[in-house]
Amino acid sequence: MKNFQPCNEQELLNRARLAAGYSFGEIANYLNIAIPANLNKQKGWVGNLIETFLGANAGSKAERDFANLGIELKTIPVNKQGKPLETTFVSVLPLMANHGVIWETSHVKYKLSKVLWIPIEGERSIPLAQRKVGHPILWTPTEQQEQQLKQDWQELMDMIVLGQIEKITACYGTYLQIRPKAANGKALTEAIGENGQIILTRPRGFYLKKSFTLQILQNANCYI
DNA sequence: GCGTGATCATAC
DNA sequence: GTATGATCACGC
C-alpha cells in the first residue's frame, strides 16, 4: 500500500478521501517520513507528504502531478473557517520568448485545467504533527473562472512583452498575480527591458489570489 | 538557474 | 490581521 499509484481518477479520489481527517503526524508515521518542528525551513513539506501518500510522480518536472490522469495536485492551507491562509503558486513566469504566446497554450491554463485541491489545516498555532487533512475537491474551472484568469493573464503577459516587468507588483490582476519566486534575492534571470533590451531581474511566478481559491473551496462546500 | 513543493516574515 | 516581497529545500 505504501507504493500506491492511482490508475484512474476514481482511485485517486478514493485515496484522497481516505486521508481526510488524519493528521500530518499520522500520515508521516505511516509513510515513515520525519516530521519537522515547523515549516520555516521546509515550506513544501506538507505538499510533498500528500504527494507521496497519493502516489504523485512528476517530481520537479514542469508536468502535472498525475500526468497520466491530467490532474494537478495542490494542498491549500486554510483556517478554522475553511478560508485560504495563503495564495497558491501556479507556475513560473515566462519572461522571454513570449512573442505570439496565447492563453490557450499557456502553462497557467494547462496546470489549472484540472486540479485536486487538498485543504489542510494551516494555522501556525496548531503543532504541525497535529494539523489535519481536509476533504479533497476535484475542480475544473467554470467558464466564468477561466475568463477571469484569462483576462488577468492577458494583461500581465502584455506588460511583460512590452518591457514593463519592473512595473508589475502583486497588486496587478484581480485573481491572478505575479510575485517573486526564487531561492533568494540574488537570483537573476533575463527579461525584456523598457527599451526592448535584455535586462536581468528577479525570477517571478504566477499565483492565485485568495479570493479565487476561496470561491473554489466555498462552491465545493468544503469543510475540514 | 529552473522548476518542483510552498510558507515565512515584515511592513503596512 | 493580512498582503507583498522574500525565502527554504531539493533534483537536475
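Letters A, B, ... mirror the listed sequences (proteins, then strands); counts begin at 1. Values below: every heavy atom of this structure, side chains too, minus hydrogens, waters and symmetry copies.
- Not one N or O on the side chain of A:Q130 forms a donor-acceptor pair closer than 3.5 Å with the backbone of A:P127.
- At a cut-off of 3.5 angstrom, the base of C:dA3 holds no donor-acceptor pair with the side chain of A:Y207.
- When each of B:dT4, B:dG1, B:dT7 is scored by its nearest atom to the side-chain atoms of A:A62, the top-ranked nucleotide is B:dT4.
- Using a 4.0 Å heavy-atom cutoff across all strands shown, A:R124 reaches at least one base atom of the nucleic acid.
- Hydrophobic clustering (ILVMFWY, side-chain heavy atoms < 4.5 Å, transitive): A:M157 and A:M96 are in distinct clusters.
- In summary, of the residues considered (A:E146, A:Q147, A:Q151), a side-chain hydrogen bond (donor to acceptor under 3.5 Å, both in side chains) with A:W103 occurs for A:E146 alone.
- For B:dT4, the base has a donor-acceptor partner in the side chain of A:K181 [N/O atoms by modelled type, under 3.5 angstrom].
- Donor-acceptor pairing under 3.5 Å is lacking for the side chains of A:Q148 and A:T174.
- An OP1 or OP2 oxygen of B:dG5 is reached within less than 4.0 angstrom by no side-chain nitrogen or oxygen of A:Q42.
- In terms of phosphate contacts, A:N40 brings no side-chain nitrogen or oxygen within less than 4.0 Å of OP1 or OP2 of B:dT7.
- Just one of A:L217, A:L214, A:T213, A:I120 meets the side chain to side chain contact (heavy atoms under 4.5 Å, CB included) condition when paired with A:V78; it is A:L217.
- Heavy atoms of A:E72 sit under 4.0 angstrom from primed sugar atoms or phosphate atoms, though from no base atom.
- At a cut-off of 3.5 angstrom, the base of C:dT2 holds no donor-acceptor pair with the side chain of A:K210.
- Distance alone, capped at 3.5 Å, places no donor-acceptor pair between the A:E11 side chain and the A:P6 backbone.
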Report all side-chain donor-acceptor pairs from residues 181-200 of chain A shorter than 3.5 Å, counting only partners two or more places apart or in another chain.
unit_1 : atom_1 : unit_2 : atom_2 : d
A:N184 : OD1    : A:K186 : N      : 2.8
A:N184 : OD1    : A:A187 : N      : 3.4
A:E194 : OE2    : A:K167 : NZ     : 3.1
A:Q197 : OE1    : A:N195 : N      : 2.9

Identify all pairs in which a protein N or O lies below 3.5 Å from an N or O of nucleotides 10-12 of chain B, and state each distance.
none

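- A:K83 comes within 4.0 angstrom of no nucleic acid atom, judged by non-hydrogen atoms across all strands.
- Take the nearest nucleotide of DNA chain C for A:G44 and for A:K209: the residue whose nucleotide is more 5' is A:K209.
- If you find the closest nucleotide of DNA chain B to A:G122 and to A:K111, the one lying nearer the 5' end belongs to A:K111.
- Along DNA chain B, the nucleotide nearest to A:K74 and the one nearest to A:A183 differ in position, and the one closer to the 5' end is contacted by A:A183.
- Backbone-only engagement by A:T75 is indicated by non-hydrogen atom pairs under 4.0 Å involving sugar-phosphate atoms exclusively.
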